[in-house]
Amino acid sequence: MADKYKLSEGALAVLMRGDKIDNPIMQVLGSKKLATNDPDKERHRMMLSDGKYLFSFAMFTNQISNSILLGGDFEMFSIIKIKRSVTSEINKDKSADKKILVIMDFEFVAKGSEVGYKIGNPEQLPANLSKESTDPPKPMQTNANSTARMKTSVPSISGINLNNTMQGKATHSISTITPYQNKWVIKARVTNKSNIRTWKNAKGEGSLFSFDLLDESGEIRVTAFKESVDKYYDIIQVDKVYYISKCMTKMANKQYSSLKNDYELTLTNDSVVQECEEETDIPTTKYDFVTIDKLANMEVGTIVDCIGIVKQASDVQTFTAKSSGRELKKRELIIVDPSKASVSVTLWGDTAENYDYTLPVVVIKGGKIGEFGGGKNLAVSMNGFLKYNPDIPEAFSLRGWYDNGGCNEEASNISARSNMGGFQANWMSFREVKDQDLGNVEKGYYYQTAGTVILVRAENIFYKACPQENCNKKIVDLENGTYRCEKCSSEYPNFKYRLLGNVNVGDWSGNQWVSMFSSELEILLGKTAQEVGEIAETDNDGLMQITNEANFKQYTFRCRAKMEKYNDEARLKTVAIKVEPLNYKEYNSHLISRIQQLAS
DNA sequence: CCCCCCCC
């Protein structure tokens with residue numbers, strides 16, 4: 001019975017010395033709720049046992065505390081496997097060298113009620129954590145990866161003179177940075193650097209810039225405010241590697257950053273930044289390139305990396321955004337790649353202004369897929385960046401392809417506006433098309449809307465048409481058993497029924513009379529034109545029944561709207577060129593992006 | 001402590 005649960009004897013000593021140990025197993029021997037006024041910040045201090053030692057200052061991070069409280073799982077004698085933890089010094093009172101253990105990730109090995117007793121006879125963990133006095137009798141497994149390098153650096157960090165001896169020193173991985181432990185030095189490459197921005201709001205004003213750091217373990221954003229901007233803006237350069245320490249750590253707002261890290265750093269007066277001038281193994285930006293042809297079938301809003309040759313570049317255009325009144329600057333590139341597809345890339349702001357024509361290979365990191373008029377495009381926005389002729393194999397091979405004939409290959413432009421029938425068109429509403437006078441263009445305006453059939457006008461819903469397959473001209477009944485088609489200049493013994501009618505369709509914005517032909521009315525009525533025609537000729541009640549049954553069903557209506565003159569009066573004529581079942585997934589993603597636009 | 005990420 002006593003052997004059923006095996007604790008990692010001596011592991012507490014290893015952890016509290018600042019060293020790493022893989023997934024130690026501990027028993028919880030007590031907990032105490034910490035005083036707080038804020039129920040959201042409720043935390044518990046716990047006593048842990050590794051079977052050999054006891055330690056009374058262990059805590060869970062807020063998120064874990066909350067989930068335990070909500071789940072009601074937490075019990076005395078529980079056995080847990082600690083998957084991720086850090087030690088932290090409580091420095092408020094400099095004389096008290098008190099350390100706590102913050103548990104960031106764990107899993108239950110056994111619940112307290114199943115265990116029901118204290119395992120072993122653990123003693124208080126001694127204050128002196130020298131290796132000899134505390135090491136477990138059996139060798140403990142340590143991490144073999146980069147975190148193992150932290151072993152020597154943790155206890156010695158405070159003694160390092162960052163100004164001249166950082167070279168070659170062991171450093172921490174970005175992935176180990178948390179708000180609970182501030183004594184780290186990271187060595188990381190700058191992959192992206194913003195311009196200096198200024199702000200002014202109710203709380204004050206100031207300037208800031210930010211940059212992104214990368215090492216083999218992960219990435220993190222660093223922001224500098226005000227004085228730090230002057231101090232660091234010129235020092236920080238993209239692609240260079242720096243030793244950085246003593247920053248403030250805070251939660252990252254995922255809304256504004258796509259970096260894979262829960263935290264962000266802020267440079268303070270105490271921060272130390274030193275360029276690493278030696279050769280390093282710190283990785284350079286990783287790209288996950290998507291070929292241009294693939295972009296055509298990817299969802300709007302997806303963030304991708306792309307590499308291509310610039311075939312065309314527009315001048316910078318300046319205009320005022322209708323929605324915000326903000327002055328915007330943009331430039332459009334068209335890039336191609338060996339997938340024989342080209343895409344329009346929109347550069348905004350400074351990226352647009354600073355674009356360099358002379359360099360043909362561009363890499364887009366973190367481009368956002370957009371859509372216009374049925375074609376896809378890429379936008380390089382705040383979180384992404386553009387790079388010219390980067391020193392990566394993909395760039396050389398692309399250049400090779402282009403110079404060896406690729407420049408002459410025809411590429412299909414996935415940004416081409418294709419909002420004709422059968423292709424994806426812009427989502428619009430009847431009301432917006434009217435209010436924005438979108439039909440006032442020569443070719444008509446193509447759009448789609450999710451609509452509900454309100455009324456199918458039954459009068460004159462059919463006509464007798466030329467029986468020729470590709471001729472739908474109304475025939476003239478010669479009343480002698482033959483029918484004449486003026487268009488074909490022929491007479492036939494037969495005819496075919498065709499449908500042509502007006503349907504009142506409602507969408508969220510209002511309703512609209514929409515003209516439809518056979519192919520669309522057949523879908524709405526669930527009958528062929530021939531069936532409808534035959535019923536309509538003999539059985540008016542039957543026709544009414546068919547048209548009534550079409551009501552209140554929902555479809556995607558692809559429409560063409562065009563202003564036309566009727567007796568000197570301008571009227572918006574709307575024709576449905578395609579009716580199909582509403583694709584809820586696609587429509588929802590449109591609605592979500594629309595809500596996001598409204599919310600921002 | 002910012003947080004605009006857009007246009008036809």
Side-chain angles (χ1 to χ4, degrees), chain A residues 192-212 221-230 232-233 247-259 263-269 271 300-304 314-334 344-353 364-386 415-419 425-428 432-433 436-438 440-441 443 445-447 593-594 596-600:
Chain A
N192 193 15
K193 174 184 160 185
S194 80
N195 291 299
I196 297 172
R197 293 201 306 276
T198 55
W199 84 89
K200 195 171 185 174
N201 60 25
K203 285 180 235 165
E205 59 182 282
S207 60
L208 74 136
F209 84 101
S210 64
F211 55 97
D212 298 340
R221 175 158 299 169
V222 188
T223 307
F225 289 97
K226 300 172 185 175
E227 312 86 67
S228 299
V229 174
D230 307 329
Y232 291 113
Y233 189 75
C247 294
M248 214 163 75
T249 310
K250 60 171 188 176
M251 292 300 291
N253 189 338
K254 292 290 181 186
Q255 198 184 337
Y256 304 114
S257 164
S258 57
L259 294 197
Y263 306 112
E264 283 184 6
L265 300 175
T266 305
L267 290 170
T268 69
N269 285 337
S271 297
V300 170
T302 311
I303 305 291
V304 293
S314 77
D315 290 331
V316 175
Q317 292 166 254
T318 303
F319 58 91
T320 308
K322 273 183 204 150
S323 53
S324 60
R326 185 180 295 269
E327 184 168 277
L328 301 174
K329 284 189 167 69
K330 73 157 188 179
R331 190 198 293 270
E332 270 182 32
L333 314 180
I334 293 176
S344 163
V345 179
T346 311
L347 312 182
W348 293 96
D350 290 304
T351 314
E353 293 217 81
I364 292 134
K365 174 73 186 171
K368 192 170 164 191
I369 296 180
E371 183 175 18
F372 178 56
K376 294 283 172 61
N377 57 63
L378 265 186
V380 182
S381 59
M382 207 162 100
N383 286 321
F385 56 87
L386 201 66
S415 302
R417 297 176 63 178
S418 57
N419 41 12
N426 271 348
W427 287 101
M428 265 297 161
E432 287 168 296
V433 172
Q436 297 173 31
D437 201 19
L438 297 173
N440 204 2
V441 286
K443 286 182 170 179
Y445 178 76
Y446 291 83
Y447 67 101
S593 73
R594 185 133 185 170
Q596 283 167 343
Q597 278 168 29
L598 289 169
S600 62

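So you know, we letter chains A, B, ... as the sequences are listed, proteins then strands, and number each from 1.
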Atom pair distance, as rounded to whole Å: CD1 in A:I369 and P in B:dC5
19 Å
Look at the side-chain N and O atoms of A:K330 and state whether any lies under 4.0 Å from the OP1 or OP2 oxygen of B:dC5.
no
Tell me whether the OP1 or OP2 atom of B:dC1 has a side-chain N or O from A:N201 closer than 4.0 Å.
no
Nearest non-hydrogen partners of A:Y233 and A:K193, listed with the distance
O-NZ, 2.7 Å
Starting from P on B:dC6, measure out to CD on A:Q317 and report it in whole angstrom.
17 Å
Between A:K250 (NZ) and B:dC1 (C1'), how many Å, whole number?
7 Å
Of the listed nucleotides (B:dC7, B:dC2, B:dC6), which one gets closest to any side-chain atom of A:L328?
B:dC6
Name the nucleic acid region contacted by A:T320, choosing base, sugar-phosphate or nothing; use a 4.0 angstrom heavy-atom cut-off, strictly under.
nothing
I need the CZ-P distance between A:F319 and B:dC7, as an integer number of Å.
7 Å
A side-chain contact here means heavy atoms from C-beta on lying under 4.5 Å apart; do A:Y447 and A:L438 qualify?
no
Tell me every residue that passes side chain to side chain donor-acceptor pair (under 3.5 Å) with A:R594, counting only those two or more places apart in sequence or in another chain.
A:E432
Can you measure A:Q596 atom CD to B:dC6 atom P for me and round it to whole angstrom units?
9 Å
Can you tell me if A:F225 is stacked onto the base of B:dC2, using a 5.5 Å centroid cut-off and an angle below 30°?
no
In this structure, how many angstroms lie between the C1' atom of B:dC2 and the CE atom of A:M248, rounded?
12 Å
Categorize A:K254 for me: base, sugar-phosphate, or nothing, with a 4.0 angstrom heavy-atom threshold over every strand shown.
nothing
Could you state the atom-to-atom distance from NZ of A:K329 to C1' of B:dC6 in whole Å?
14 Å
Any A:K368 side-chain nitrogen or oxygen under 4.0 Å from OP1 or OP2 of B:dC6
yes
On DNA chain B, more 5' by nearest nucleotide between A:G349 and A:T198 is A:T198
With the side chain defined as heavy atoms from C-beta on, A:F372 is closest, among B:dC8, B:dC1, B:dC3, to B:dC8
Separation of B:dC8 atom P from A:Q597 atom CD, nearest Å, is 11 Å
Given A:E332 and A:S344, is the side chain to side chain donor-acceptor pair (under 3.5 Å) satisfied, shown in steps?
CA-CA 6 Å; A:E332 270 182 32; A:S344 163; 3.3 Å; yes
Proximal nucleotide (of B:dC2, B:dC6, B:dC8) relative to the A:W348 side chain
B:dC6
When you get a sec, tell me which of B:dC2, B:dC4, B:dC7 is the closest nucleotide to the side chain of A:Y256?
B:dC4
So, do A:K250 and A:Y263 sit near enough that their side-chain heavy atoms are less than 4.5 Å apart?
no
Could you check whether A:W199 and the base of B:dC2 form a stacked pair, meaning centres closer than 5.5 Å and planes differing by less than 30°?
no
